[in-house]
Amino acid sequence: MDSLETYMSRLTGSAARRSAFRADRPFGEWRETLVRRLRERLGGFPDTPADLRPALLEDTDCGEYRRQRIEITTYDGLRMPVYMLFPRRLPPGPAPAVLAIHGHGYGSREIVGLHPDGSERRGDPGLHRDFAVSLARRGFVVAAPELLGFGDRRLAEDLALAEEEPGRNSCFRLSSALLTIGQTMAGYRIYETMRAVDYVQSREEADGGRIGIMGISGGGLVAGFTAALDERIRCAVVSGYANTFVASILARQHCLDNYIPGILLEAEMPDLLGLIAPRGLFLECGVRDHLFGPAAAREALERLREIYRAAGRPGGVEADVFDGGHEIHGEPAFAWLRRQLELPDRDPHGEEVGKKETRS
């Protein structure tokens, strides 16, 4: 019985991975080629961005931070809610910002400490660990967009069942529809995240030159590939995703939103994440992650180290291989983001910023 890797090699032949990184090719030339081909495989992006037309939906005092829910236009005719978290104690001037990208679950509310109906949550934070709130408590301005197919952005039929199935999403049907018109869910989510960057840069509270991104699982795909294509993002944390396609996405039945037609004809996952180089990249990998296992995660890390050496920044990729599963770990990644985005250790009142909070 052939392995999947062998079977895929026979199917694709010499055409496989034509854009994979090679040490004998100039890094800049390789990156430029693969960026162009990745955009094409994703379905391409609009030539002219739509007017954002931001609208305030909610404004809540959460004590340590202020939480706003904003709605912006991404594609013409398509609106996306974004939670914005603003810490109360900020250093002088605009603060660094981090885009927090949720994975599968009930949407952006899941990472800002809310129940699916928008009420305040107490108790188990699940695999996301309310990481958007953790970032705000550490002094970052945080933008948490609602990915297409989740939360308020589900199809009407799925929204009607939300009370009985809070985690129900519209990924499969929307991904299928996009594929029939030559588009991909990954491409739509990546472009919409770029529009969230546009919005963050419009806010006076945020320093548009110090923007990071952090995402888990499907949100790790969005975070990693958005950073790969958008150089306004200075650094990226990819949690529970960095691996190889063959050992993760193709090793089991995953949600259709993970699949990009023709991508293995271009490159494997570490090559695509390597497009972030020489900007900083940090990986979170749980040793008991059943979806994106540790063996292929280590393989991806070694490949990324090779790419970062070629980019002239051998220490530019780091990893937290922690004793856990498919979940946010947090503390090492948060500390790394503070260093990457030059966030001071103390607020204007001289108090320490970034202490560990007690989880409820």
Side-chain angles (χ1 to χ4, degrees), residues 16-42 45 96-99 101 186 190 193-194 197 207-215 219-248 260 263-285 292 296-321 332-343:
R17 302 172 186 50
R18 64 174 180 171
S19 304
F21 173 76
R22 298 198 317 268
D24 62 350
R25 186 176 182 183
F27 173 79
E29 176 186 305
W30 166 77
R31 184 183 184 280
E32 182 180 356
T33 298
L34 185 51
V35 162
R36 174 174 52 80
R37 289 177 175 167
L38 174 58
R39 289 173 67 106
E40 291 170 355
R41 294 292 182 183
L42 290 168
F45 302 141
V98 178
L99 282 85
I101 314 299
I190 289 164
T193 303
M194 292 178 178
V197 175
D207 183 343
R210 289 187 292 162
I211 297 177
I213 193 167
M214 180 173 182
L221 179 159
V222 176
F225 294 171
T226 302
L229 297 177
D230 192 334
E231 295 186 68
R232 296 175 297 175
I233 297 173
R234 185 187 289 195
C235 58
V237 175
V238 176
S239 179
Y241 180 72
N243 213 269
T244 67
F245 289 123
V246 170
S248 60
I260 303 168
I263 197 61
L264 275 178
L265 296 176
E266 302 296 347
E268 251 288 3
M269 190 191 301
D271 298 299
L272 302 177
L273 294 174
L275 297 174
I276 298 170
R279 291 164 291 141
L281 173 60
F282 190 94
L283 310 180
E284 283 194 338
C285 309
F292 298 88
R298 292 188 181 95
E299 179 185 338
L301 178 59
E302 289 307 309
R303 177 72 166 171
L304 283 161
R305 284 173 173 158
E306 181 184 0
I307 294 171
Y308 269 78
R309 285 193 293 270
R313 194 180 175 197
V317 58
E318 300 181 40
D320 172 23
V321 181
F334 300 148
W336 181 86
L337 281 167
R338 292 177 63 82
R339 295 192 298 272
Q340 293 287 312
L341 298 176
E342 303 167 33
L343 183 62

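The model shown is predicted, which means the values in this text are computed figures rather than measured ones.
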(request) Take I263 and L272, measure what side-chain contact (heavy atoms from CB on, under 4.5 Å) needs, and give me the verdict at the end. (result) CA-CA 10 Å; I263 197 61; L272 302 177; 3.8 Å; yes
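- In terms of heavy-atom proximity, V197 sits nearest to R232 at CG1-CZ, 3.4 Å.
- For the residue pair L341 and G212, the shortest heavy atom distance occurs at CD1-N, 3.8 Å.
- By the neighbour-count criterion of 12 heavy atoms within 6.0 Å, atom CD of E40 is densely surrounded, having more than that number from other residues, nucleotides or ligands.
- Ion pair R17/E266 not flagged as a salt bridge, since none of the NZ, NE, NH1 or NH2 atoms sits closer than 4.0 Å to an Asp/Glu carboxylate oxygen.
- Using a cut-off of 4.0 Å between Lys/Arg side-chain N and Asp/Glu carboxylate O, R303 and E306 are scored as salt-bridged.
- The CG atom of D271 sits 7.0 Å away from the CG atom of L34 when rounded to the nearest 0.5 Å.
- Expressed to the nearest 0.5 Å, how far CD of E318 lies from CZ of R305 amounts to 9.5 Å.
- Annotation for A319 and L301: closest pair CB-CD2, 3.8 Å, computed over non-hydrogen atoms.
- Remark: the backbone N or O of F245 is paired with a side-chain donor or acceptor of E268 at under 3.5 angstrom.
- Using a 4.5 Å cut-off on side-chain heavy atoms (C-beta onward), V317 and I276 make no contact.
- Here the closest non-hydrogen pair linking G224 and V238 is CA-CG2, 3.8 Å.
- The minimum heavy-atom distance between A223 and I101, with the atom names listed, is CB-CG1, 4.3 Å.
- Taking CG of L99 as the reference point, atom CD1 of I211 lies at 7.0 Å (rounded to 0.5 Å).
- At least one side-chain heavy atom of L283 sits less than 4.5 Å from a side-chain heavy atom of L304.
- Of the inter-residue distances, the one linking L337 atom CG with R234 atom CZ reads 11.5 Å to the nearest 0.5 angstrom.
- To the nearest 0.5 Å, atom OG1 of residue T226 and atom CG of residue L221 are 8.5 Å apart.
- The side-chain contact (heavy atoms from CB on, under 4.5 Å) check on A277 picks up F27, I307, Y308, A311, with sequence neighbours excluded.
- Using bins of under 30°, 30° to 60° and over 60° for the plane-to-plane angle, the ring pair W336/F282 lands in the tilted bin.
- Proximity of a side-chain donor or acceptor of R210 to a complementary backbone N or O of E342 within less than 3.5 Å is detected.
- Of all non-hydrogen atoms in M214 and A333, the two that sit nearest each other are CE-CB, 4.2 Å.
- One finds the CD1 atom of I213 at 10.5 Å from the CZ atom of R279 (value rounded to the nearest 0.5 Å).
- Using cut-offs of 30° and 60° on the angle between ring planes, the pair W30 and F21 is perpendicular.
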(request) Go through the steps for V237 and V98 under the test side-chain contact (heavy atoms from CB on, under 4.5 Å), then give the verdict. (result) CA-CA 10 Å; V237 175; V98 178; over 6 Å; no
(request) List the steps and the verdict of side-chain contact (heavy atoms from CB on, under 4.5 Å) for M269 and T244. (result) CA-CA 5 Å; M269 190 191 301; T244 67; 5.5 Å; no
